[in-house]
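Working notes, beginning with the structure itself.
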Amino acid sequence: MNKNLSFSVHPLTSCPLKSFPYTSDISSLPGVKLSYGTAGFRADASILSSTVYRVGILAALRSLKTQSVIGLMITASHNKVSDNGVKIADPSGGMLSQNWEPFADTLANAPTPQDLIQLIEEFVKKEDISFNGVRPAEVLLGRDTRPSGDALLKAAKEGITSIVGAVATDMGILTTPQLHWMVRARNKGMKASEQDYFEQLSSSFRCLMDLIPSEKSKFNGTNDRLVVDGANGVGGIKLEALQKLLSGLIIEVRNDGENGGVLNEGVGADFVQKEKVVPYGFGSKDVGIRCASLDGDADRLVYFSVLPEGSSRIALVDGDKILSLFALFIREQLSILNEQDLKNSHQAHLGIVQTAYANGASTNYLKQLGLEVNFTPTGVKYLHEKAAEFDIGIYFEANGHGTILFSESLVGWLEARTKELSSKSKGSEVEKAALRLLAVSKLINQAVGDALSGLLLVEVILQHMGWSIHRWNELYHDLPSRQLKVKVADRTAVITANAETVVVSPPGLQEVVNAEIVKYPQGRCFVRPSGTEDVVRVYAEASTQEAADSLANSVAKLVDQFLGSKTS
Ligand code: NG1
Ligand code: ZN
C-alpha cells in the first residue's frame, strides 16, 4: 500500500491532508471490527498505530468544527500493559459527542487509505468543516505510563498535523482526568498546566479542611494516614507530586511503578473491586488502615481495608459507597442553605445517577435519604450527561468512576452569595455551607471522574464527619453479587432497553431470565453486551452469596443457549 499517498485540497472545504503515513493495520485484520464503545478504541498496542493516527485526524477535525481545543488521550486504563487505547476529550472536557461516534467507528474501520480519504472528504463536507485561516485546530495530547505510549503519541501527532494548520501540543505523561481537566480549563480561558491542576486541587482541599467544624474530632494517630495502591501506573506518580502541596494528610503510595511492578497486574482499582482481595504489596500489616486503589490511568477509585482474619480478603468500599458519602455531605450543606438562608432564591436540585451495576443496597440507602436516583446505561458518557441536568448531579459507577457536577448557574450564585455573606454574616453556618459547596465544585473534577480529586474529597469528608473507614463502610451492607462473562458468537445480538435492565433481543431471553430471578429472595439479574470486551456480561444479586452465584450461573447458561458459544 502507498505509504505516502498525497491528498489534494478538498474543493469545498480547503481542508487538506498532507500525507497518509500509516497503512491500515488493525482494520485489515480479518474479523476485527473496532467500536468507539464506552471508552474509545482499545487493542493490543502493536496493532494500534493506524487507529491512533486516524483518531488524530478526527481530533483535529473536531477542533475545527467546534473552534475549540480538543484532547486526545492514549491509554487503555485498567487493561493489561501490552494493550493501549485512544479516546477524545470534547471542548467541555467531557467525552466525545455521541454524534461523532459513528464517524469515529467508520474512520477506524476503513479498509484502505482511499476509503479513509473518501470518508473524511464526505464527512468534512457534511459537517461543513473548514479551516478559516484564523483559528487552526489545536489538540492537547496526553498518555499514561505504558511503554507503547511514545510511539502511539507520534502516530497521533502525525494524524493531527495532517490537517492543515493543526497544532498538536504534547502535555506529557498524565492521568486521563488531568487531560480532560486541561481541555476544559483551556476552553474556559483558565490556566491549564499540570501545576495549575495541582494548585486548584490542593487549595480547595485546604479550604474544606479549614471549614471542618472544630467540635468534630479531627483525625489523629493512624487516622490521618492513607495508603494508596497506584496500580503501577500514572496515578501514584501524580499523587506523590500532589501530596507535597497538602497538609493534614499523610499519604503513602505503594505500587507507584518504581519497583518493577507491572501496570494493573494484581494491583489497581479494577483488580481490587472485581477480585475483592488485597492488591500486591498489601497484607496483614495493613489491618485497620484506610487503603485506596487507583486504576491504571487514575480515573477510578475504590477504598478498602484489610480484614483481620490473616487472609488476603478485604472489606471493599466501592464507587457506590463513595457516591453515598458524597451525597450525604452535599445534602447536609444544601439543607443548611435551603433551610437557613432566607435569601436563598436558588433552591438547588440534587440528583443521583447510577447504573444497573450499582448494588441494590446503595440505591435503597440513597432513596431512604430522600434523594432522587436516576439510572442510565453503562458508560460514563451517559451518567455524565444525566448528572448535568441537575444543579448538583452526583454520578458513580460501582467500579469507582464518578464525580459531582455543579451547574454554572449554581456556581455563579454560590460565588455571589459567599461574597455577600462574608461582609454581612461572616462565620455563619450558612456562609460555611456555601463556601464548602464552592470548594467542592473546585476540588472535584468537573470534566470527568478523577481518582485524585475524588480521593481528596473522600479524605476531607471523613475528617469532617470524624469517621473511620469502618464507620463509612457501615452506611449500608452490600447485597451479595456476582458478575460473569459469557463468550458468545456475536455479542451485538444482545439488545437491551430500560438502562440495560431488560433484554429485548434475542426474543424470549428476558422471559427465561425473569423465571430464574423469581426463584431467589431479593434476586436481581441483568444481561448486557460489554462495550470494551468481546463478551456478554451477566450481573446477579441475591440475599446470599450462594444464591447470587447460582442465579448468575443459571443466567449465564441461558445466555449461552440463546447465543451460542464463540467459535474462533
Ligand atoms: P463494559 O465493558 O461496557 O462493561 C467497562 C465497565 C464500565 C466502564 C467501561 C469503561 C463494568 C461492568 N463495566 O465497560 O463501567 O467503566 O468499562 O472503562 O465495570
Ligand atoms: Zn481508567
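Indexing begins at 1, ligand by ligand and atom by atom, following the structure's order. Note that these values count all heavy atoms, side chains included, but never hydrogens, waters or copies made by symmetry.
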Indicate, as side chain, backbone, both or neither, the part of [X] found under 4.0 angstrom from ligand 1 when only non-hydrogen atoms are considered.
| X | result |
| --- | --- |
| Lys87 | neither |
| Thr532 | both |
| Tyr357 | side chain |

Before giving the answer on salt bridge (Lys or Arg N to Asp or Glu O under 4.0 Å), spell out for Glu275 and Arg313 the whole-Å C-alpha distance, their side-chain angles and the decisive distance to 0.1 Å. CA-CA 9 Å; Glu275 305 297 327; Arg313 292 198 317 116; over 6 Å; no

Only heavy atoms of [X], strictly under 4.0 Å: list the atoms of ligand 1 that pass.
| X | value |
| --- | --- |
| Ala39 | 10 (C) |
| Lys274 | 19 (O) |
| Thr378 | 7 (C), 15 (O) |
| Ser530 | 1 (P), 2 (O), 3 (O) |
| Gln483 | 12 (C) |
| Arg528 | 1 (P), 3 (O), 4 (O) |
| Arg42 | 18 (O) |

To the nearest 0.5 Å, atom CG of Leu179 lies from atom OG1 of Thr75 at 10.5 Å

Is the closest heavy-atom distance from His401 to ligand 1 below 4.0 Å? no

Within the structure, is a non-hydrogen atom of Gln273 found at a distance of less than 4.0 Å from ligand 1? no

Between the side chains of [Y] and [X], is the shortest nitrogen-to-carboxylate-oxygen separation below 4.0 Å, so that they form an ion pair?
| X | Y | value |
| --- | --- | --- |
| Glu252 | Arg254 | yes |
| Lys442 | Glu199 | no |
| Glu459 | Arg290 | yes |
| Asp549 | Arg482 | yes |

Can an N or O of [X] be found at a distance shorter than 3.5 Å from an N or O of ligand 1?
| X | result |
| --- | --- |
| His78 | no |
| Arg300 | yes |
| Gly531 | yes |
| Arg537 | yes |

Considering residues at least two apart in sequence or located in another chain, which fulfil the salt bridge (Lys or Arg N to Asp or Glu O under 4.0 Å) criterion with Asp144? Arg146

The criterion is salt bridge (Lys or Arg N to Asp or Glu O under 4.0 Å); which residues satisfy it with Glu385, sequence neighbours excluded? none

Do other residues, nucleotides or ligands put more than 12 heavy atoms under 6.0 Å from Lys274 NZ? yes

The Zn ion (ligand 2) - number of protein N/O/S atoms closer than 2.8 Å: 4

Identify the heavy atoms of Leu366 and Ala327 that sit nearest to each other, and give their distance. CD2-CB, 3.9 Å

Would you indicate whether the side-chain heavy atoms of Arg186 and Ser68 approach each other to under 4.5 Å? no

Flag the pair Asp170 / Arg143 as yes when at least one side-chain heavy-atom distance between them is below 4.5 Å, and no otherwise. yes

Only pairs under 3.5 Å count here: list side-chain donor-acceptor contacts from residues 399-406, not counting sequence neighbours, and write none if there are none.
{"unit_1": "Asn399", "atom_1": "OD1", "unit_2": "His401", "atom_2": "N", "d": "3.2"}
{"unit_1": "Asn399", "atom_1": "ND2", "unit_2": "Glu397", "atom_2": "OE1", "d": "3.4"}
{"unit_1": "His401", "atom_1": "ND1", "unit_2": "Asp299", "atom_2": "O", "d": "3.1"}
{"unit_1": "His401", "atom_1": "NE2", "unit_2": "Gly449", "atom_2": "N", "d": "3.2"}
{"unit_1": "Thr403", "atom_1": "OG1", "unit_2": "Asn445", "atom_2": "O", "d": "2.7"}

